[in-house]
Engineer: 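Quick one: the structure is below, and I'll ask about it shortly.
Chain identifiers are assigned alphabetically (A, B, ...) following the order of the sequence lines, protein sequences preceding nucleic acid strands; residue numbering begins at 1 within each chain. Note that the structure is a prediction, hence the values are computed from the model and not measured.
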Amino acid sequence: MDLEKLLADRLAPAFAAVAGGPVDPTVRRSACADYQSDAALALARRIGRPPREIAAEVLDRAALGDLCAAEVSGPGFINLTVADAALGVAVAELAGDPRLGVPRVADPQTVVVDYSAPNVAKEMHVGHLRSTVIGDATARLLDWRGHRVVRANHLGDWGTPFGMLIEHLLDLPEAEGADELSVGDLDSFYRAARAKFDADEDFRDRSRRRVVSLQAGDERTMRLWRLLVRRSESYFLEVYRRLDVTLTERDFQGESRYQPLLAGVVEELGRLGLLRDSDGAACVFPPGSVGRDGEPLPLIVRKRDGGYGYPATDLAALRHRTGELGATRLLYVVGLPQRRHFEMVFAVAGAAGWLPGAARPEHVGFGSVLGADGRMLRSRAGAPVKLADLLDEAVSRATELARDKNPELAPEEVAEVGRAVGIGAVKYADLSTDRNRDYVFDWDRMLSLDGNTAPYLQYAYARIRSLFRRAGVAGADGVAAGPAAVPLADPAERALVLALLGFAPVVTEVERTLEFHQLAGHLHRVATAFSAFYERCPVLRAEGPVRDGRLLLCGLTARVLRQGLDVLGIRTPERM
RNA sequence: GCGCCCGUAGCUCAGCGGAUAGAGCAGGGGACUUCUAAUCCCAAGGCCGCAGGUUCGAAUCCUGCCGGGCGCACCA
């Protein structure tokens, strides 16, 4: 039962009667009561009556029954305090719902989530962290809601650098080359190739010729290219596994797969009359984009040299996603600096008719990860921080903490907790702030057990699990066969119930906005409400209906935390 | 020059037209013979970058400034 909606439904007829037409009662959570309605204030001008008078009349007419107490407050707010009995029933119903009040969508969309997108033969670094983490949370959330989700890992697996990479691979004894690639030291492989390219004229020539063979589909070249791609992919999959990211080998949809389509894309744009030649390059000039010189900015779909850049690839991919996959929501989880690029791509796609009907492309942008100095996070040497190193450090710091704080954990448990907490902390730090902003990467803060952090939420979950182990009863695993109503005596119980009832509205909101910090913030509120409840309200020492009710609250809290964190891609260890 | 993002407590961040702007950290004071103290409770801390405007009501919307970050033709 959606309490907000229930309250709104009770108030709506009264508002309609007073206003002489339909009114949204705008019920929301309140600091001054459980819920409040602001609609009387907005209505005052429309019908020319004082807001308090409107609110009073609405309350006279509203059939609130024994659902809640209501009063007019301040300039015309209607404060709603839900009856304990109604809350107790609502929370018991929620506990009986395997989906925690969040139904599967009635009208599933096909959603393509384009995220992660590392480059073959290059190390994944912090720059890939946000796209991977935010994108994966997006895919998980939409999956859970029942949409058809296509994960698209738009791998950088094509382009001129592959000439030099393949030549470098040829220069090495094959075994050594393969070895170097598989140990995960992709950067030194790339750097060595690059260094040779910069220093050696002959190598440069060979590299350029190699690009030509690659584009021509030369068999031996393709074999080596596939070797590079496959080695890199297995390395990326290892990183995803450690990061608890759901991307698999089936989700690699690299740039190379669109190469055969690019000529057709350009040809079609030409047929539609959208193309203009500019200095020999085939361009589309979407309205509204202006460059440094004040002149219209082109989207270059074919370069002067006849090659294709990533605008062409993005257009081909988009056309494929709407045309072949039937996607109606196209999400691009890519950093904010690419904002204009996507504006232009979407504008061109729209003009070309590749966004039929309900198809909506959306750039899910995000800010940068900063170091303590407020600049882009870099290693001490000034290089981008390798994602693998970052994860190592997260796990080792968290393992250290776990060993330190809970000596009762067995060694294998320490290792498992360290992984869950370390990785969870990194992901949560990323997901718990507004993705549009840059955020400061700070180990101590993200691993703190206080505040809006993964370990705090995980700890709340672990405490509940511990409690159930001690009680020797099931409960936190799934739907509990609990009481039909939960008796609520303590304010901490009420606060917890209200927080738990707020889970569903937040999930549906985040499905729309993809602002995961809203979900994170809500889970934090649930966890703080639980911690306060846990301090004040004995569970196992209580008796009868009170004990049963509290066990139900604990079980439901655990399920909400676990489900919410699962959507964020974060584990909930049984012990900490 | 143009465009995008961002300026809220000492620090890191919430606050999506509504009441007295909220958390956490740091600093101050308390609570462990007790279901995990990795926790909880209390107090303190604010010209919401500045100036106008719209509104019954603005941190929130609009305009202009100031400050920071990023981006602006053939790299992806």
Engineer: Could you pull out the closest heavy-atom pair between A/V426 and A/M446, with the gap in Å?
Structural biologist: CA-SD, 3.8 Å

Engineer: Which dot-bracket string describes RNA chain B (Watson-Crick N1-N3 plus N6-O4 or O6-N4, or G-U N1-O2 and O6-N3, all under 3.5 Å; [ ] crossing; | other strand)?
Structural biologist: (((((((..((((....[...))))..((((.......))))......(((((..]....))))))))))))....

Engineer: Would you indicate whether the side-chain heavy atoms of A/R571 and A/I423 approach each other to under 4.5 Å?
Structural biologist: no

Engineer: For A/D404, report the nucleic acid contact type (base, sugar-phosphate, nothing); a contact means any heavy atom under 4.0 Å.
Structural biologist: nothing

Engineer: Taking atom C1' in both B/C6 and B/G15, compute the distance separating them and give it to the nearest angstrom.
Structural biologist: 16 Å

Engineer: Take atom CZ of A/R445 and atom P of B/A38, then tell me their distance rounded to the nearest Å.
Structural biologist: 22 Å

Engineer: Pick base, sugar-phosphate or nothing for A/R375, based on heavy-atom distances below 4.0 Å to the nucleic acid.
Structural biologist: nothing

Engineer: Could a donor-acceptor pair under 3.5 angstrom be found where the side chain of A/D444 meets the base of B/A26?
Structural biologist: no

Engineer: Using the P atom as the point on both nucleotides, what is the distance between B/U12 and B/A73, in whole Å?
Structural biologist: 33 Å

Engineer: Considering heavy-atom distances to RNA chain B, does A/Y534 or A/G280 have its closest nucleotide positioned more toward the 5' end?
Structural biologist: A/Y534

Engineer: Within less than 4.0 Å of OP1 or OP2 of B/U36, is there a side-chain N or O belonging to A/S466?
Structural biologist: yes

Engineer: What integer distance in Å separates A/L43:CG from B/G17:C1'?
Structural biologist: 16 Å

Engineer: Among B/C35, B/C70, B/A38, which nucleotide has an atom closest to any side-chain atom of A/M576?
Structural biologist: B/A38

Engineer: Restricting to pairs with a member in residues 361-375 of chain A, which pass salt bridge (charged side-chain N to carboxylate O under 4.0 Å, His left out), not counting sequence neighbours?
Structural biologist: A/R329-A/E362

Engineer: Quick one: label A/Y456 by what it contacts on the DNA or RNA (base, sugar-phosphate, nothing), any heavy atom closer than 4.0 Å.
Structural biologist: sugar-phosphate

Engineer: Are A/Y428 and A/H524 an aromatic pair, judged by ring center distance below 6.0 Å?
Structural biologist: no

Engineer: Please enumerate all residues that pass side chain to side chain contact (heavy atoms under 4.5 Å, CB included) together with A/A70, with sequence neighbours excluded.
Structural biologist: A/L59, A/L64, A/I78, A/L80

Engineer: Apply side-chain contact (heavy atoms from CB on, under 4.5 Å) to the pair A/K427 and A/F516, showing each step before the final yes or no.
Structural biologist: CA-CA 11 Å; A/K427 296 174 86 170; A/F516 289 93; over 6 Å; no

Engineer: Does the side chain of A/L523 reach to within under 4.5 Å of the side chain of A/F503, using non-hydrogen atoms?
Structural biologist: yes

Engineer: So, for A/G371 and A/V440, which heavy atoms are closest and what is the spacing to 0.1 Å?
Structural biologist: O-CG1, 3.7 Å

Engineer: Can you tell whether the side chains of A/R49 and A/E57 come within less than 4.0 Å, N to carboxylate O?
Structural biologist: yes

Engineer: Measuring only the C1' atom in each nucleotide, how far is B/G22 from B/C65? A whole number of Å is fine.
Structural biologist: 29 Å

Engineer: Of the residues in residues 297-313 of chain A, which ones touch RNA chain B at a heavy-atom distance under 4.0 Å?
Structural biologist: A/L297, A/P298, A/I300, A/K303, A/R304, A/G309, A/Y310

Engineer: Would you mind reporting whether A/V539 and A/L467 have side-chain heavy atoms less than 4.5 Å apart?
Structural biologist: yes

Engineer: Find the distance A/L561:CG to B/A38:C1' and express it as a whole number of Å.
Structural biologist: 16 Å

Engineer: Under a 4.0 Å N-O cut-off, is there an ion pair linking A/R536 with A/E493?
Structural biologist: no

Engineer: Given B/A38, B/C72, B/A73, which nucleotide is nearest the side-chain atoms of A/R340?
Structural biologist: B/C72

Engineer: Select base, sugar-phosphate, or nothing to describe what A/E255 touches, counting heavy atoms under 4.0 Å on all strands.
Structural biologist: sugar-phosphate

Engineer: For A/M344 and B/C4, give me the distance from atom CE to atom C1', rounded to whole Å.
Structural biologist: 14 Å

Engineer: Classify A/A31 by what it touches in the nucleic acid, base, sugar-phosphate, or nothing, heavy-atom distance under 4.0 Å.
Structural biologist: nothing

Engineer: Please tell me whether A/D157 and A/S256 have a donor and an acceptor in their side chains that are separated by less than 3.5 angstrom.
Structural biologist: yes

Engineer: Taking the C1' atom of each, how far is B/G46 from B/C11, in whole Å?
Structural biologist: 15 Å

Engineer: Base, sugar-phosphate or nothing for A/A281? Non-hydrogen atoms, less than 4.0 Å.
Structural biologist: base

Engineer: For A/A460, report the nucleic acid contact type (base, sugar-phosphate, nothing); a contact means any heavy atom under 4.0 Å.
Structural biologist: nothing

Engineer: When rounded to the nearest Å, what value does the distance between C1' atoms of B/U60 and B/A14 take?
Structural biologist: 13 Å

Engineer: Specify the closest pair of heavy atoms between A/T26 and A/A39, including all atoms of both residues, with the distance to one decimal.
Structural biologist: OG1-N, 3.4 Å

Engineer: Parallel, tilted or perpendicular for A/F441 and A/W443, by the 30°/60° rule?
Structural biologist: perpendicular

Engineer: Let me know the distance between CZ of A/R46 and P of B/C56, rounded to the nearest Å.
Structural biologist: 16 Å

Engineer: Rounding to a whole Å, what distance do you find between A/D373:CG and B/G68:P?
Structural biologist: 16 Å

Engineer: Compute both the distance and the angle, then confirm whether A/R29 meets the cation-pi test with A/Y35: under 6.0 Å from the six-membered ring centre, within 45 degrees of the axis.
Structural biologist: yes

Engineer: In whole Å, what separates the C1' atom of B/G27 from that of B/U63?
Structural biologist: 42 Å

Engineer: At 4.0 Å (heavy atoms only), tell me whether A/H517 reaches a base, stays on the sugar-phosphate, or touches nothing.
Structural biologist: sugar-phosphate

Engineer: Scan A/S432 against the nucleic acid and name what it touches under 4.0 Å (heavy atoms): base, sugar-phosphate only, or nothing.
Structural biologist: nothing

Engineer: Taking atom C1' of B/A19 as reference, at what distance in whole Å does atom CD1 of A/I78 sit?
Structural biologist: 14 Å

Engineer: Examine the base of B/A14 for any acceptor or donor lying under 3.5 Å from a partner atom in the side chain of A/T433, and report the outcome as yes or no.
Structural biologist: no

Engineer: Is there a donor and acceptor pair closer than 3.5 Å between the side chain of A/Q36 and the base of B/A19?
Structural biologist: yes

Engineer: Return no unless some side-chain N or O of A/R463 is found under 4.0 Å from OP1 or OP2 of B/A37.
Structural biologist: yes

Engineer: Got a list of protein N/O to nucleotides 5-9 of chain B N/O distances below 3.5 Å?
Structural biologist:
residue : atom : partner : partner atom : Å
B/C5    : O2'  : A/N436  : O            : 2.9
B/C6    : O3'  : A/R437  : NH1          : 3.4
B/G7    : OP1  : A/R437  : NH1          : 3.1

Engineer: Could you list the donor-acceptor pairs under 3.5 angstrom formed between side-chain atoms of residues 333-343 of chain A and any protein atom two or more places apart in sequence or on another chain?
Structural biologist:
residue : atom : partner : partner atom : Å
A/Q338  : OE1  : A/Y310  : OH           : 3.3
A/R340  : NH1  : A/V290  : O            : 2.9
A/H341  : NE2  : A/D314  : OD2          : 2.7

Engineer: Base, sugar-phosphate alone, or nothing: which one does A/S73 contact when heavy atoms must sit under 4.0 Å apart?
Structural biologist: base

Engineer: Counting the atoms with a prime plus P, OP1 and OP2 as sugar-phosphate, which does A/D450 contact under 4.0 Å by heavy atoms, base, sugar-phosphate, or nothing?
Structural biologist: sugar-phosphate

Engineer: Base, sugar-phosphate or nothing for A/R52? Non-hydrogen atoms, less than 4.0 Å.
Structural biologist: nothing

Engineer: To the nearest angstrom, how far is A/L41 atom CG from B/A19 atom C1'?
Structural biologist: 10 Å

Engineer: Between B/C40 and B/U34, how far is it from one C1' atom to the other, in whole Å?
Structural biologist: 13 Å

Engineer: Using the side-chain heavy atoms of A/R470, tell me which of these nucleotides is nearest: B/C56, B/C35, B/A19.
Structural biologist: B/C35

Engineer: Would you classify A/S368 as touching base, sugar-phosphate or nothing, given that sugar-phosphate means primed atoms plus P, OP1 and OP2, and contacts are heavy atoms under 4.0 Å?
Structural biologist: nothing

Engineer: Across the strands shown, which category fits A/R525 at heavy-atom distances under 4.0 angstrom: base, sugar-phosphate, nothing?
Structural biologist: nothing

Engineer: Given the C1' atoms of B/G17 and B/G57, what is the spacing between them in whole Å?
Structural biologist: 8 Å

